[in-house]
Amino acid sequence: AAKHAGGDAWHWFDAAMDRAADDEARLAAELRRAPAEGQLVALYQPIVSLPDGAPAGAEVLLRWQHPERGLLTPDTFIPLAENNGFIVELGDWVLREAVRQSVEWRDRLGGRAPERISVNVSARQLTDPHFVDRVAGVLLESGLAPHRLMLEVTETAVLSAGVAVAQLHRLKALGVRLALDDFATGHSSLSLLLDCPVDVLKVDKSFVSGTTAGRAGAIIVRNLIGFTTDFGIEAVAEGVETTDQAARLHEAGYRFAQGYLFGRPMSASALEELITVRAIAVA
Ligand code: C2E
Ligand code: MG
Ligand code: MG
Ligand code: MG
């Protein structure tokens with residue numbers, strides 16, 4: 001609380017900082033209760049194959065249905081959870097929910113179920129010594145074939161958060177697939193790719209849309225495909241919003257894409273409907 005009643009700007013600033021800290025502490029306390037209160041929501045965004053637009057998989061994107069603030073996107077609470085360590089519990093919830101939903105789809109939709117379910121994993125989870133056992137446990141319990149699970153890690157997590165490459169190899173040994181998320185946004189070095197046992201590279205939406213690096217970005221997007229192909233890595237273009245972008249990506253050799261053009265993050269039942277009724281072809 002504000003300790004200073006003084007009118008000068010510094011004291012005002014001090015009080016505002018105190019209030020911000022109080023708000024954050026309250027949000028953190030509410031977040032800890034969110035799983036038990038049933039406030040966590042798993043949305044699913046289709047990952048499609050090009051050029052037919054047929055759903056090939058889905059990425060789970062977390063939302064928090066806050067009782068007063070409404071439906072919150074990850075940017076409002078994931079960084080907080082990463083800072084206080086609660087991301088381990090949140091990530092656990094997401095993993096379980098994604099795997100449960102995946103098994104349900106398999107049972108009900110058979111061959112039409114999304115081939116693969118992608119789950120985002122924070123550096124904090126990856127460095128947790130129990131993480132690999134936890135993933136193994138969830139898979140075993142559910143009966144989901146490990147290759148149907150894809151874990152998405154950002155290159156920043158791998159490069160700057162000290163995630164051991166050995167940990168990635170342990171995950172790979174379970175049979176799960178690994179994706180390098182937001183590729184090209186960090187301090188990417190292509191040699192990182194050679195060290196990491198990644199199956200998929202997700203090219204960041206800022207490159208796909210041309211908002212990062214402009215013409216150079218477009219050239220990178222076009223040329224990465226040859227590189228990934230040579231290394232036996234699949235490429236997924238993120239943030240595809242227009243048919244023009246999709247057509248150009250297809251032309252460049254991309255076989256997978258994700259973005260609002262094909263579907264926003266949606267409820268499990270909405271994704272199921274999309275799978276069963278339509279696809280957006282781009283060629
Ligand atoms: P991400 O893993 O790179 O996920 C893609 C983000 O891009 C999502 O934002 C998605 O809604 C958004 N997106 C997809 N297509 C388009 C498009 O065409 N245009 C634009 N402008 N945006 C698009 P979202 O859902 O807000 O998630 C943001 C980030 O939060 C994710 O980025 C991921 O890093 C993190 N996140 C989400 N769920 C989880 C989770 O369960 N655990 C962890 N650790 N992180 C999560
Ligand atoms: Mg992701
Ligand atoms: Mg991404
Ligand atoms: Mg991102």
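Both counts, for ligands and for their atoms, begin at 1 and track the order of listing. Predicted model only: the values in this text are computed from it and were never measured. For this chain, numbers begin at 1 and follow the sequence in order.
Interface atoms of ligand 1 facing Gln45, defined by a heavy-atom separation under 4.0 Å, are 14 (C), 15 (N). Remark: ligand 1 atoms within the under-4.0 Å shell around heavy atoms of Val94 are 41 (O). The distance from ligand 1 to the heavy atoms of Glu241 drops below 4.0 Å at these ligand atoms: 17 (C), 18 (O), 19 (N), 20 (C), 21 (N). Numbered from 1 in the order shown, with element, the atoms of ligand 1 that lie under 4.0 Å from a heavy atom of Ser122 read 44 (N). Counting the atoms of ligand 1 from 1 in the order shown, those under 4.0 Å from a heavy atom of Asp181 are 1 (P), 2 (O), 3 (O). Counting the atoms of ligand 1 from 1 in the order shown, those under 4.0 Å from a heavy atom of Pro265 are 11 (O).
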Sequence neighbours left out, cut at 3.5 Å: what donor-acceptor pairs do the side chains of residues 76-88 make with other protein atoms?
{"residue": "Thr76", "atom": "OG1", "partner": "Thr73", "partner atom": "O", "Å": "2.7"}
{"residue": "Glu82", "atom": "OE2", "partner": "Ser122", "partner atom": "OG", "Å": "2.7"}
{"residue": "Asn83", "atom": "ND2", "partner": "Pro79", "partner atom": "O", "Å": "3.4"}
{"residue": "Asn84", "atom": "OD1", "partner": "Phe86", "partner atom": "N", "Å": "2.9"}

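No hydrogens or angles considered: a donor-acceptor pair under 3.5 Å links the side chains of Gln167 and Arg170. No side-chain donor-acceptor contact under 3.5 Å links Asp92 and Gln125.
For Leu261, no heavy-atom contact with ligand 1 is shorter than 4.0 Å. Neither the backbone nor the side chain of Leu90 comes within contact range of ligand 1; no heavy atom lies under 4.0 Å. Of all the heavy atoms of Lys205, the ones lying under 4.0 Å from any atom of ligand 1 belong exclusively to the side chain.
Under the 4.0 angstrom criterion for non-hydrogen atoms, Gly239 is in contact with ligand 1. Heavy atoms of Glu238 come nearer than 4.0 angstrom to ligand 1 in at least one pair. Using a non-hydrogen distance threshold of 4.0 Å, Glu59 registers as a contact of ligand 1. Judged by the shortest distance from any of its heavy atoms, Arg63 lies inside the 4.0 Å radius around the atoms of ligand 1.
Of the options Val60, Leu95, Asn120, the smallest heavy-atom separation from atom 42 (N) of ligand 1 is shown by Asn120.
Two residues are said to be in side-chain contact when any heavy atoms from C-beta on lie closer than 4.5 Å; Tyr254 and Thr228 fail this criterion. Contact check for Phe231 versus Leu201: no side-chain heavy atoms found under the 4.5 Å cut-off. Residues Pro67 and Gln39 form a side-chain contact, since some pair of their non-hydrogen atoms from C-beta on lies under 4.5 Å apart.
The Mg ion (ligand 3) lies closest to atom OD1 when only the N/O/S atoms of Asp182 are considered. The N, O or S atom of Glu59 with the smallest distance to the Mg ion (ligand 2) is OE2. Glu238 has its closest N, O or S atom to the Mg ion (ligand 3) at the position named OE2.
Residue contacts to the Mg ion (ligand 2): Asn120 brings an N, O or S atom closer than 2.8 Å.
Annotation: cation-pi pair Arg134/Phe131 absent, no NZ/CZ under 6.0 Å from the ring centroid and within 45° of its normal.
Summarising the hydrophobic clusters (Ile, Leu, Val, Met, Phe, Trp, Tyr; side-chain heavy atoms under 4.5 Å, direct or chained), the residues clustered with Val200 are Ile47, Met150, Val236, Phe256.
Seen from the Mg ion (ligand 2), atom OD2 on Asp181 and atom OE1 on Glu152 lie at an angle near 90° (rounded to 10 degrees).
A salt bridge is defined here as a Lys NZ or Arg NE, NH1 or NH2 lying under 4.0 Å from an Asp or Glu carboxylate O, and Arg26 with Glu30 fails to meet this definition.
The two residues Ser142 and Val103 make their nearest non-hydrogen contact at O-CG2, 3.8 Å.
For Arg116, the CZ atom is densely surrounded, since the number of other residues' heavy atoms within 6.0 Å is greater than 12.
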